[in-house]
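Here is the structure we will look at.
Atoms considered below: every heavy atom in the structure, side chains included; atoms not considered: hydrogens, waters and symmetry mates. Note that the structure is a prediction, hence the values are computed from the model and not measured.
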Amino acid sequence: MSTPSHHTESGAGAAPGTADFATCDLYDDDESLQSLSLQLLNLGGRPRFTGPIRTVRCYRDNGLVKELLNSPGAGSVLVVDGAGSLDSALIGDMIAASAIENGWAGVVIHGAVRDREQLAEMDLGVRALGSNPRKSVKDGVGEVDVTLQFGGVTFVPGATLWSDADGVLVTPV
């Protein structure tokens with residue numbers, strides 16, 4: 001798929017995963033883009049972000065999330081399918097700080113986060129269903145870089161994700 005015409009990368013020195021775009025304009029240019037119907041909250045300090053997708057599937061266990069966000073992100077967006085559970089948080093401020101240090105653009109979580117006030121001040125895109133102060137276990141149970149499906153979207157590792165105040169778009173499968 002070609003890059004939609006309204007997608008313009010920021011200038012030199014810009015943080016990874018930042019760009020000047022509007023998801024509404026991107027969709028108007030290319031209606032084959034997948035639009036996430038799930039209404040995720042915009043909880044990070046970076047309200048607009050984009051990048052290639054990496055994925056994790058886990059349930060109430062953020063060991064793999066922590067491991068990935070502690071590795072080089074190169075402007076990627078981590079999509080986490082936590083099965084929609086709000087029982088425990090899959091990231092908080094410490095894991096988010098690691099993500100920033102390692103160059104991740106953002107995190108999209110089909111589940112919960114914690115440390116909302118701190119996340120709102122951090123230069124990281126964070127979309128999630130909600131929050132819960134309860135931390136998750138860190139056993140590392142789950143799957144990395146697998147195809148995920150939720151909210152009417154198929155998230156394939158390597159596809160491009162765009163997120164802003166209007167929602168989340170993903171390149172078609």
(request) Verify, without hydrogens or angle tests, whether Arg127 (side chain) and Leu40 (backbone) share a donor-acceptor contact under 3.5 angstrom. (result) yes
(message) Same cluster or not: Ile100 versus Trp104, using hydrophobic residues (I, L, V, M, F, W, Y) connected whenever any side-chain heavy atoms lie under 4.5 Å apart?
(response) yes
(message) What's the separation between atom CG in Leu68 and atom OG in Ser98, rounded to the nearest 0.5 Å?
(response) 12.0 Å
(message) Given 3.5 Å as the limit, does a donor-acceptor pair link the side chain of Arg46 with the main chain of Gly125, or not?
(response) no
(message) Filter on side-chain hydrogen bond (donor to acceptor under 3.5 Å, both in side chains), then keep only pairs touching residues 147-157, sequence neighbours left out; what's left?
(response) Gln149-Thr154
(message) Quick check: is Val170 connected to Leu36 through a chain of hydrophobic side chains (ILVMFWY, heavy atoms under 4.5 Å apart)?
(response) yes
(message) Check whether Arg48 reaches the backbone of Asp20 with its side chain - one donor and one acceptor, N or O, closer than 3.5 Å.
(response) no
(message) Looking at every heavy atom in both Asp61 and Val141, which two are closest together, and how far apart are they?
(response) OD2-N, 3.0 Å
(request) Measure the shortest side-chain to side-chain distance between Arg60 and Val137 over non-hydrogen atoms and say whether it is less than 4.5 angstrom. (result) no
(request) Kindly give the heavy-atom pair with the smallest separation between Leu41 and Leu129, and that separation in Å. (result) CD1-O, 3.7 Å
(message) Rounded at 0.5 Å granularity, tell me how far NZ in Lys138 sits from CD1 in Ile95.
(response) 5.0 Å
(message) Can you tell me how far apart CG (Asp25) and CG (Asp30) are? Round to the nearest 0.5 Å.
(response) 12.5 Å
(request) Check Asp164, Asp28, Thr50 against Thr23 for a side-chain hydrogen bond (donor to acceptor under 3.5 Å, both in side chains) and give me the one that passes. (result) Asp164
(request) Output the distance between atom CG (Asp139) and atom SG (Cys58), rounded to the nearest 0.5 Å. (result) 11.5 Å
(request) Can you see which heavy atom on Ser88 is nearest to which on Asn132, and at what distance? (result) N-ND2, 4.1 Å
(request) Work out which heavy atom in Ala96 is nearest to a heavy atom in Leu124; give both atom names and the distance. (result) CB-CD2, 3.8 Å
(request) Side-chain contact test, heavy atoms from C-beta onward, threshold under 4.5 Å: evaluate it for Asp166 versus Cys24 and give yes or no. (result) yes
(message) Is any side-chain heavy atom of Tyr59 closer than 4.5 Å to one of Leu90?
(response) no
(request) Provide the closest heavy-atom pair for Ile91 versus Val65 in the form atom of the first, atom of the second, distance. (result) CG2-CG1, 3.6 Å
(message) Between Leu43 and Ser131, is there a side-chain heavy-atom distance shorter than 4.5 Å?
(response) no
(message) More than 12 heavy atoms of other residues, nucleotides or ligands under 6.0 Å from NZ of Lys135: yes or no?
(response) no
(request) Answer whether the closest heavy-atom distance between the side chains of Ser35 and Val168 falls below 4.5 Å. (result) no
(message) Rounded at 0.5 Å granularity, tell me how far CG in Asn70 sits from CE in Met94.
(response) 9.5 Å
(message) Are Asp123 and Phe49 packed together at the side-chain level, in the sense that at least one heavy-atom pair is separated by less than 4.5 angstrom?
(response) no
(request) On the 0 to 90° scale, with breaks at 30° and 60°, tag the His110-Phe150 ring pair as parallel, tilted or perpendicular. (result) parallel
(message) Strictly distance-based, threshold 3.5 Å: is any side-chain N or O of Gln39 a donor or acceptor partner for the main-chain N or O of Ser37?
(response) yes
(request) Evaluate the side-chain proximity of Gln34 to Val173: yes if any heavy-atom separation is below 4.5 Å, no if none is. (result) yes
(message) Under the criterion side-chain contact (heavy atoms from CB on, under 4.5 Å), I'd like the reasoning laid out for Phe155 against Asp81: C-alpha separation, chi angles, the key distance, then a yes or no.
(response) CA-CA 10 Å; Phe155 299 90; Asp81 185 356; over 6 Å; no
(message) Side chains of Arg54 and Val144, heavy atoms from C-beta outward: is any pair under 4.5 Å?
(response) yes
(message) Let me check something: do Val156 and Val56 share a hydrophobic cluster, defined by ILVMFWY side-chain heavy atoms less than 4.5 Å apart, either directly or through other members?
(response) no
(request) Write down the atom of Tyr27, the atom of Leu169, and the distance for their closest heavy-atom approach. (result) N-CD1, 3.9 Å
